[in-house]
Structures are given as structure tokens and as C-alpha cells.
Amino acid sequence: QVQLVESGGGLVQAGGSLRLSCAASGRTFEHYAMGWFRQAPGKERECVAAISWSGASSFYVASVKGRFTISRDNAKNTVYLQMNSLKPEDTAVYYCAARYARGSSYYTTEGEYVHWGQGTQVTVSS
């Protein structure tokens with residue numbers, strides 16, 4: 001079993017930055033592909049970024065490309081989401097997700113992930 005704990009959310013003005021962290025415990029982190037999802041009120045959960053277990057491959061949803069960066073430090077069992085140039089439409093609860101993976105795959109749908117964190121609120125004011 002993998003336990004995931006997100007941190008780093010908060011309230012920020014439009015144009016500002018936040019860095020989310022997701023600390024993993026319980027299994028060998030380096031064998032897990034990771035993803036960051038978000039869910040705004042009344043909307044479906046969407047994958048905003050994903051990364052392979054090695055960090056060699058990554059994905060970004062179009063709305064965050066060029067503004068968000070996903071990275072991981074396998075020695076620290078942590079994955080990060082650096083969010084720059086934040087917009088009010090980025091307001092959501094952000095979730096970290098993990099699944100066991102081989103190769104250079106990343107995953108972008110909810111059903112492909114097995115382990116989830118509790119979420120952290122990000123609010124961007126205009």
C-alpha cells in the first residue's frame with residue numbers, strides 16, 4: 001500500500017506561484033508513475049500533469065502547459081507541481097495519485113491510478 005500526503009496549497013493572487021508537494025510512503029516510490037489531478041466545484045476531476053517513474057516522460061493538460069511543471073525526487077519519495085502564472089480558473093482541490101508502472105509510461109485518467117492523497121485546496125483570487 002502507498003500513502004500519499006499533499007501539501008503546499010493555499011490562497012494566492014492571480015499571477016502568483018505555488019509549489020505543491022506529494023510525499024509518498026509505504027512502498028518503493030521509484031517504481032510508481034505519478035499524477036496531479038484537480039477538481040473544481042461542479043466539474044469533473046481532470047489530470048493536469050503526470051510523470052513516469054523515472055521522470056523521463058511527462059504530460060500536461062493544454063490549459064497549464066508552459067505554466068506548471070511536474071517533477072519528482074525519488075530519493076525523497078516526493079513529487080512536486082510547480083505552478084506559475086496562476087489564474088482564477090486554476091482554483092480547485094488538487095490531488096496526487098500513484099500507480100505501479102514499468103517503462104516510461106505516464107497515465108492521465110482517474111481509473112488508471114490506484115492510490116490517492118486527500119487533496120489540497122488551491123484558491124487563486126482575481
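Position 1 is the first residue of the sequence; numbering continues from there.
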- W116/E110 under side-chain contact (heavy atoms from CB on, under 4.5 Å): CA gap, chis, key distance, verdict: CA-CA 10 Å; W116 291 85; E110 274 191 86; 4.0 Å; yes

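- The two residues A40 and A92 have their closest heavy-atom pair at N-CB, 3.8 Å.
- Although no hydrogens or angles enter the test, the distance criterion places no donor-acceptor pair under 3.5 Å between the side chain of N84 and the main chain of G66.
- A heavy-atom distance below 4.5 Å is not found between the side chains of M83 and D90.
- Atom CD1 of residue I51 and atom OG of residue S71 lie 6.5 Å apart, to the nearest 0.5 angstrom.
- Follow the hydrophobic side-chain contacts under 4.5 Å out from V93 and you never reach V12; the two are in separate clusters.
- The two residues G8 and L18 have their closest heavy-atom pair at O-CD2, 3.8 Å.
- Closest non-hydrogen pair, Y106 versus A50, comes out as CB-CB, 4.0 Å.
- What you find for S105 and A33 is that their closest heavy atoms are O-CB, 3.9 Å.
- Note on V79 and W53: separate hydrophobic clusters, where clusters join Ile, Leu, Val, Met, Phe, Trp and Tyr whose side-chain heavy atoms are under 4.5 Å apart, directly or indirectly.
- Between the side chain of T91 and the main chain of V124, a donor-acceptor pair closer than 3.5 Å is present.
- Residue V61 is grouped with residue V122 when hydrophobic side chains (ILVMFWY) are merged at heavy-atom distances under 4.5 angstrom, including chains of intermediate members.
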- Item | Criterion side-chain contact (heavy atoms from CB on, under 4.5 Å) on F68 and L86, from CA distance to verdict | CA-CA 9 Å; F68 291 12; L86 283 161; 3.8 Å; yes

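- A salt bridge between E112 and R99 is absent, with no side-chain N of the basic residue lying under 4.0 Å from a carboxylate O of the acidic one.
- Geometrically, R45 engages Y95 in a cation-pi contact defined by less than 6.0 Å to the ring centre and at most 45° from the axis.
- A donor-acceptor pair is defined here as one N or O able to donate and one able to accept, closer than 3.5 Å; such a pair exists between the side chain of Y60 and the backbone of I70.
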- Message: Using the rule given for side-chain contact (heavy atoms from CB on, under 4.5 Å), can you reason through T69 versus R19, listing the C-alpha separation, both sets of side-chain angles and the distance that settles it, and then say yes or no?
- Response: CA-CA 9 Å; T69 303; R19 187 175 83 156; over 6 Å; no

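- A distance of 11.5 Å separates NE2 of H115 from SG of C22, quoted to the nearest 0.5 Å.
- Separating the NZ atom in K87 from the OG atom in S63 is a distance of 8.0 Å, to the nearest 0.5 Å.
- Ring pair Y100/Y32 is perpendicular by interplanar angle, where above 60° counts as perpendicular and below 30° as parallel.
- Note: C96 SG to Y80 OH = 11.5 Å, rounded to the nearest 0.5 Å.
- Following chains of ILVMFWY side-chain contacts shorter than 4.5 Å, one can reach W36 starting from F59, so the two form part of one hydrophobic cluster.
- At least one side-chain heavy atom of E46 sits less than 4.5 Å from a side-chain heavy atom of R38.
- Ring-centre distance between Y113 and F37: below the 6.0 Å cut-off.
- When all heavy atoms are compared, the tightest approach of A98 to M34 is CB-SD, 3.4 Å.
- Checking side-chain atoms of T108 against main-chain N and O of C47 turns up no donor-acceptor pair under 3.5 Å.
- To the nearest 0.5 Å, atoms CG (L81) and CZ (R72) are separated by 13.5 Å.
- Y107 and V48 fall into different hydrophobic clusters, where Ile, Leu, Val, Met, Phe, Trp and Tyr are joined by side-chain heavy atoms under 4.5 Å apart, directly or via other members.
- In plain terms, the two heavy atoms of S17 and Q82 that are nearest each other are CB-NE2, 4.0 Å.
- Atoms CD and OG, from E6 and S21 in turn, are 10.5 Å apart once rounded to the nearest 0.5 Å.
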